[in-house]
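Read through the structure below, which is laid out as structure tokens, and then see the notes.
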Protein chains: 2
Amino acid sequence: MQMSSANQLTSSGIMSRGWMKFKTMPEGLKEKVLNTYRKTKEIGQEDPRRVIHALKVGLTLTLVSLFYYYQPLFDNFGLSAMWAVMTVGVVFEYSVGATLGKGLNRALATLVAGALGVGTHYLAELSGQTIEPILLSFFVFSQAAIVTFMRFFPKIKERYDYGLLIFILTFALISVSGFREDEVIEMAHKRLSTIFIGGSACVVISIFVCPVWAGEELHSLISLNLEDLANFLQAFEELYFRTSKEGDCKDDRTALLEGYKTVLNSKSTEDSLANFARWEPGHGRFKFRHPWDKYLKVGTLTRQCAYRMEALNAQLNSNLQASPEIKRIIQEACSAMSLESAKALRQLGVAMSTMKKPYFANIHISNSKSASESLNSLLKSSLWKETDLLSVLPAATVASLLSDIVACTEEIADAVHELPSLTEFDTIETAKPPDRAQSTPHGDNNSHVVILVEDSTLANLPESKSLSDQHKTNRV
Amino acid sequence: MQMSSANQLTSSGIMSRGWMKFKTMPEGLKEKVLNTYRKTKEIGQEDPRRVIHALKVGLTLTLVSLFYYYQPLFDNFGLSAMWAVMTVGVVFEYSVGATLGKGLNRALATLVAGALGVGTHYLAELSGQTIEPILLSFFVFSQAAIVTFMRFFPKIKERYDYGLLIFILTFALISVSGFREDEVIEMAHKRLSTIFIGGSACVVISIFVCPVWAGEELHSLISLNLEDLANFLQAFEELYFRTSKEGDCKDDRTALLEGYKTVLNSKSTEDSLANFARWEPGHGRFKFRHPWDKYLKVGTLTRQCAYRMEALNAQLNSNLQASPEIKRIIQEACSAMSLESAKALRQLGVAMSTMKKPYFANIHISNSKSASESLNSLLKSSLWKETDLLSVLPAATVASLLSDIVACTEEIADAVHELPSLTEFDTIETAKPPDRAQSTPHGDNNSHVVILVEDSTLANLPESKSLSDQHKTNRV
């Protein structure tokens with residue numbers, strides 16, 4: 001008791017001394033400490049699950065170290081309990097899929113390599129004390145070389161890289177240790193069981209305490225990427241066609257304009273998330289062996305659309321700009337193309353995050369396509385004959401890239417429709433042929449779309465809409 | 001002796017039995033075995049250094065396992081020799097930089113965490129047998145949580161992720177083991193020294209036996225990417241403007257056309273190579289702390305150029321094609337733009353791989369810029385007044401994207417000139433103003449560039465050229 005109050009005194013003494021020290025610190029150092037504090041807060045607030053993950057790792061490690069403290073457990077495993085602690089440290093990853101993948105890889109590799117190692121040990125023992133180390137060295141060398149080479153196979157690397165690493169280690173440890181210790185089987189058994197215990201602790205905690213599912217991460221990443229593209233198109237439309245706005249509003253737009261840039265390099269993140277998601281059991285709307293490849297397909301198409309936006313963005317900052325008169329002529333059609341595509345992309349993104357079939361997206365897509373057609377007929381008309389071609393060039397490029405983006409958006413929509421997790425309320429889209437959509441003038445940002453809905457589908461509309469809203473609020 | 005000949009008999013028996021088994025295998029399985037064999041051969045031939053790497057890992061692991069076989073060594077370390085084997089398995093990576101980074105991270109983290117762990121152990125011991133496990137648990141929990149959270153900081157994750165992981169592990173192992181074993185300092189010392197031995201073995205073998213330098217990999221990756229872009233432009237020019245060629249030749253072109261697609265997603269590879277390269281000591285032309293960021297800048301600009309190519313490639317496959325007449329009008333200028341840019345990019349790539357300042361690149365760039373200007377004046381001319389604007393649109397887009405690519409190429413050239421590893425023979429570029437270059441008609445693929453070189457610079461030309469050739473053959 002006295003000791004703990006002494007501890008308290010000391011710790012409060014440390015704190016007040018720390019505060020004194022902080023106050024008398026040189027300015028530069030103080031700035032650094034404050035910056036670190038701000039950065040820490042920012043990272044924590046950006047995704048509070050990171051804090052939870054850190055606490056989960058701490059908890060699991062503490063639980064597993066009970067093997068040392070609790071006598072009956074320690075009697076069973078002895079110092080091999082160390083492997084359980086090591087397994088927790090190495091296997092526990094941010095998402096369930098990554099943890100499961102590493103855990104299974106580690107457990108399976110230890111099992112197979114342990115068995116082979118024990119076999120090798122007995123084989124080598126038969127050959128006598130002199131030849132044994134030579135034979136063991138030969139086995140260790142050849143398995144390490146062969147398995148290391150196997151790690152270069154792309155498909156094996158993708159899913160079993162960690163398992164192969166553990167295989168090399170365990171085989172070497174078990175077969176070589178056998179030279180000094182005779183109880184190889186017991187050693188292999190202890191290593192396997194402690195690794196199993198550590199691995200299971202990780203998996204259980206990562207699944208049952210605030211789980212982070214790689215599948216859901218992938219799902220929402222792709223939906224956010226679609227949102228980014230929509231933001232770009234909307235901001236582009238405002239900046240390109242409405243340059244007479246105030247400055248501070250423009251800053252806002254610039255932030256929205258830059259969003260697509262993260263999409264350009266999203267491939268590696270998406271690939272690894274899909275890779276982790278493959279290990280995950282069914283959760284929420286996703287079942288085990290959910291076809292994650294289809295998400296990667298949407299991701300690829302999203303990136304292709306983002307590449308066009310990169311070219312479009314260059315047009316925005318190019319030296320050669322179309323004259324205001326020419327912009328005014330193409331404005332109506334081009335604005336409609338970008339705004340309707342933006343709406344379609346946003347609908348697709350929202351549909352993904354609410355796990356609903358995107359029933360209005362197709363209408364926006366057909367609107368954007370008809371705007372693209374009206375642009376074509378505008379270009380065919382005689383309005384242009386008097387203008388100089390060089391001054392038309394920038395505008396023509398913008399128009400052409402926007403048509404490309406309209407086509408990309410349609411491909412993305414097709415790919416999103418194929419996603420197996422969105423399975424409801426697709427009656428409207430199939431009932432309404434796209435070319436019958438009509439829209440109000442497109443220049444207005446707040447324009448409402450007037451849709452001709454056939455009688456047979458009208459009955460379904462209110463019910464499905466309200467259900468969708470309900471689902472949305474549930475998820476938010 | 002008898003035993004080894006018996007072994008030989010057995011192994012030849014196994015081989016012949018294996019061959020018999022292979023012959024009687026069902027067709028499907030035989031096909032699979034053959035496929036695996038072919039794939040293995042392909043991966044080995046693609047980069048023979050992979051085979052060497054596998055052998056290096058085997059060699060190092062075998063060397064380190066000598067600690068078990070050789071009595072005096074074993075007397076020193078005992079079963080802790082296991083940590084040396086583990087370190088080799090975990091730390092040995094393909095490139096020197098990755099191995100060094102992991103090794104240093106592991107050694108440093110073990111040192112710091114070991115010291116802290118020993119300190120914690122003594123601190124906890126003071127508090128008595130009952131409170132000790134509680135105090136230890138508290139320390140283990142808080143260090144694991146704090147360090148796990150630190151792994152989310154992007155800059156720390158980039159370079160010290162592995163070190164933090166090892167820190168968590170070592171701290172937990174040392175402080176918790178102390179509860180059962182009293183010789184904590186000896187344990188920490190053994191762990192540290194064996195890890196040091198394993199790590200040094202990896203570093204020495206990876207540096208002195210056929211080293212694979214991440215820096216050189218990055219260097220040549222970026223140079224190859226430039227080559228890919230050049231190939232695309234050349235193939236694009238042929239496919240877009242010369243459609244009357246035979247089919248088999250077209251297949252060749254298509255392969256060249258697709259090369260740029262690997263560039264689109266090269267960011268993560270480049271980033272990790274640059275990250276590894278930062279750990280590497282000086283080698284060849286690269287010194288320690290070589291400014292690898294400048295390579296990443298070239299990489300980023302290369303990707304931006306590739307995004308334009310993606311948009312250009314879409315034009316090649318678009319439904320809306322310019323009529324042959326319109327193509328013929330813009331052909332001369334557009335061909336020159338793409339071919340001259342291609343030559344400039346190829347020169348830049350060659351310059352990087354031969355580590356020479358690219359002295360002809362600027363000439364090609366100024367040629368492509370003057371072609372771009374002549375295209376602009378062509379567009380201004382009256383030739384166009386009679387044509388329909390819609391049919392001009394695709395050609396206008398191609399022209400505009402090509403101008404973008406010309407601008408990108410210039411930016412890439414500027415960035416390449418900034419690379420510190422290319423430091424010779426830049427006299428010609430600075431002496432010759434770019435706008436004084438004149439070229440022969442651009443339509444011809446084998447066109448030679450006629451350059452007006454000022455008298456003062458002419459004297460330098462032969463010498464520098466021959467030196468460059470010499471250097472090139474030396475390196476090839």
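When reading the values below, keep in mind they use all heavy atoms of this one structure, side chains included, and skip hydrogens, waters and symmetry mates. Just so we're on the same page: letters track the sequence lines, and every chain starts at 1.
Residue with the most contacts toward chain B among A:Met82, A:Glu46, A:Lys56: A:Met82 (heavy-atom pairs, distance under 4.5 Å). The greatest number of non-hydrogen atom pairs below 4.5 Å with chain B, out of A:Pro154, A:Gly58, A:Ala144, A:Gly44, is found for A:Gly58. Most heavy-atom pairs under 4.5 Å with chain A: of the set B:Val51, B:Thr40, B:Asp47, this distinction falls to B:Thr40. Listed options A:Leu136, A:Leu165, A:Val176, A:Thr170 were ranked by heavy-atom pairs under 4.5 angstrom with chain B; first place goes to A:Val176. Counting heavy-atom pairs closer than 4.5 Å to chain B, the top-ranked of the candidates A:Val147, A:Val57, A:Asn265, A:Ile146 is A:Asn265. Contact tally against chain B (heavy-atom pairs below 4.5 Å) for A:Phe149, A:Tyr69, A:Phe92: the top residue is A:Tyr69. Across A:Gln315, A:Gln304, A:Met86, the residue that shares the most heavy-atom pairs under 4.5 angstrom with chain B is A:Met86.
The distance from atom OG of A:Ser400 to atom CG of B:Leu401, rounded to the nearest 0.5 Å, is 7.5 Å. The OG1 atom of B:Thr148 sits 8.0 Å away from atom CG of A:Leu61, with the distance rounded to the nearest 0.5 Å. Going from atom CG of A:Leu59 over to atom CZ of B:Phe141 covers 6.5 Å, rounded to the nearest 0.5 Å. The CG atom of A:Leu173 sits 9.0 Å away from atom CH2 of B:Trp83, with the distance rounded to the nearest 0.5 Å. Distance check: A:His53 NE2 to B:Phe152 CZ gives 4.5 Å after rounding to the nearest 0.5 Å. For the atom pair OH (A:Tyr307) and CZ (B:Arg303), the distance works out to 9.5 Å, reported to the nearest 0.5 Å.
Heavy atoms closer than 4.5 Å to chain B are found nowhere in A:Tyr162, neither backbone nor side chain. Looking at A:Arg308, the atoms closer than 4.5 Å to chain B (heavy atoms on both sides) all sit in the side chain, from C-beta outward. Heavy atoms closer than 4.5 Å to chain B are found in both the backbone and the side chain of A:Phe153. Residue A:Val398 does not touch chain B at all, counting heavy-atom pairs closer than 4.5 Å.
When all heavy atoms of B:Ala396 and A:Thr397 are compared, the pair lying nearest together is O-OG1, 4.2 Å. When all heavy atoms are compared, the tightest approach of A:Asp404 to B:Ala311 is OD2-O, 4.4 Å. Across A:Thr62 and B:Ser137, no two heavy atoms sit closer than the pair CG2-CB, 3.5 Å.
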